[in-house]
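Below: one structure, written as structure tokens.
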Amino acid sequence: MAQLYGRVGLTMMVGLAGCAIAAPAQAQSARDILTQASFADIDQASALRRVSAAYNVAGAALRHAPEDHEALLMRALALGYRAKLTGNRTDAIAARHQFEALITLNPRDAEAQLALGAWHIGGVKKLGAIMGRAAIGAQRGIGFSALDKAVALGGDRALFPGLAGLLRLELDPRDPRGRTLAEAAARAGVPTPLDRIMQRAAAAILNPLRAGDTQAVRRLASQSLPFGRFDDDN
């Protein structure tokens, strides 16, 4: 049953991302490039090339406008994604510092809070609580706090409760807060492709949640997250 849910979820995520990012690559923004790398590329090497391209696009924008918030956020995300795909500790820590700098500039920046929360929870999931903190400074409590702030600040958008819920359920498929967030995401607004992707993922995970299939919940949550299809335990 877990494998059935997982195959359906992965097919859905790839299809949605492919439909959402249909413009020619040379016309894409760094955000669009990262969305396709996160959810659509079928192999890790292709995803890594696209992440590098997004990093370069954001860097070029910053050379013209060093305070461009979108470019700063996309550069930090690309750095964090590159670290996730390569296991590079230096990139991972640099990405965290960049997220923290954005939050220092504006503590009400919902996307920066979401990115920081995802960074911490991703690090804990990958390395474990003790090694995650020792190696890169990843902490579950800081991650959950940032995710909660992002949800509170993000308004009626599926992206924020959707991603926060999936991250919680990947760590603990019985997490009641994770289920509540997934239910909220399934009802929330979808003004962007990322919101639509997260809403579909949240709606899909409600089926195994209601069935009490914790193995399927964990697997589907992991596969629905950025680059989760490449995780060794999927």
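Just so it is clear, the structure is predicted and the values come from calculations on it, not from any experiment.
There is a path of hydrophobic side-chain contacts, each under 4.5 Å, that joins Y81 to M74. In terms of hydrophobic clustering, with Ile, Leu, Val, Met, Phe, Trp and Tyr side chains grouped at heavy-atom distances under 4.5 Å, F227 and W119 are assigned to a common cluster. In terms of hydrophobic clustering, with Ile, Leu, Val, Met, Phe, Trp and Tyr side chains grouped at heavy-atom distances under 4.5 Å, L171 and M198 are assigned to a common cluster. V124 and I142 sit in two unconnected hydrophobic clusters of ILVMFWY residues. Membership requires side-chain heavy atoms under 4.5 Å apart, directly or through other members. Linking Ile, Leu, Val, Met, Phe, Trp and Tyr residues whenever their side-chain heavy atoms come within less than 4.5 Å places I136 and F99 in a single cluster.
Between L102 and A112, the closest heavy-atom pair is CB-CB, 4.1 Å. Among all heavy-atom pairs drawn from A94 and L79, the shortest one is CB-CD2, 3.5 Å. Closest heavy-atom contact between A186 and L206: CB-CD1, 4.1 Å. Residue L85 comes nearest to F230 through the heavy atom pair CD2-CD1, 4.0 Å, listed as atom of the first residue, atom of the second, then distance. Here the closest non-hydrogen pair linking Y55 and R75 is CE1-CG, 3.5 Å. Of all non-hydrogen atoms in V51 and A78, the two that sit nearest each other are CG1-O, 3.3 Å.
Inspection of the R49 and S46 side chains reveals an N or O donor paired with an N or O acceptor under 3.5 Å. Remark: the D195 side chain and the T192 side chain contain an N/O donor-acceptor pair separated by less than 3.5 Å.
By the 4.5 Å heavy-atom criterion applied to side chains, I103 and Q113 are counted as neighbours. Within the 4.5 Å cutoff, the side chain of F160 has no heavy atoms near those of the L147 side chain. At least one side-chain heavy atom of T35 sits under 4.5 Å from a side-chain heavy atom of I197. Annotation: side chain of L194 is in contact with side chain of F39 (closest heavy-atom distance under 4.5 Å). Looking at L163 and P226, their side chains come closer than 4.5 Å, going by heavy atoms from C-beta outward. Put simply, the side chain of E170 does not reach to within 4.5 Å of the side chain of L220, judged on heavy atoms. Considering only heavy atoms from C-beta on, R140 stays 4.5 Å or farther from H120 through its side chain. Using a 4.5 Å heavy-atom threshold, the side chains of R177 and D148 count as touching.
Here CD1 of I205 is found 5.0 Å from CG of L169. Values are rounded to the nearest 0.5 Å. Here the OG-NZ distance, from S38 to K84, works out to 10.0 Å after rounding to the nearest 0.5 Å. To the nearest 0.5 angstrom, L166 atom CG is 10.0 Å from S222 atom OG. Note that CG of D32 and CZ of R50 are 11.0 Å apart. Values are rounded to the nearest 0.5 Å. Atoms CG and CD, on L209 and E183 in that order, are 7.5 Å from each other to the nearest 0.5 Å. To the nearest 0.5 Å, atoms CD1 (I93) and CG (N88) are separated by 9.5 Å.
Applying the salt bridge (Lys or Arg N to Asp or Glu O under 4.0 Å) test to residues at least two apart or on different chains, the pairs with a partner in residues 103-116 are R31-E111.
Annotation: cation-pi geometry satisfied between R168 and F144 (NZ/CZ under 6.0 angstrom from ring centroid, within 45° of ring axis).
Within the hydrophobic cluster formed by Ile, Leu, Val, Met, Phe, Trp and Tyr side chains joined at under 4.5 Å, directly or through other members, V190 stands alone, with no partner residue.
Between the side chain of R82 and the backbone N or O of D91 there is no donor-acceptor pair closer than 3.5 Å. Side chain of Q139 to main chain of R133: no donor-acceptor pair is present (N/O by atom type, distance under 3.5 Å, no hydrogens or angles). Checked by atom type and distance alone, the side chain of Q199 pairs as donor or acceptor with a backbone atom of A188 at under 3.5 Å.
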N/O donor-acceptor pairs under 3.5 Å from side chains in residues 56-65, not counting sequence neighbours:
residue, atom, partner, partner atom, Å
N56, ND2, S52, O, 3.3
H64, ND1, A60, O, 3.0

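The pair R218-D172 fails the salt-bridge criterion, with no side-chain N (NZ, NE, NH1 or NH2) lying under 4.0 Å from an Asp/Glu carboxylate O. Here E100 pairs with R96 in a salt bridge; the nearest charged N to carboxylate O distance falls below 4.0 Å.
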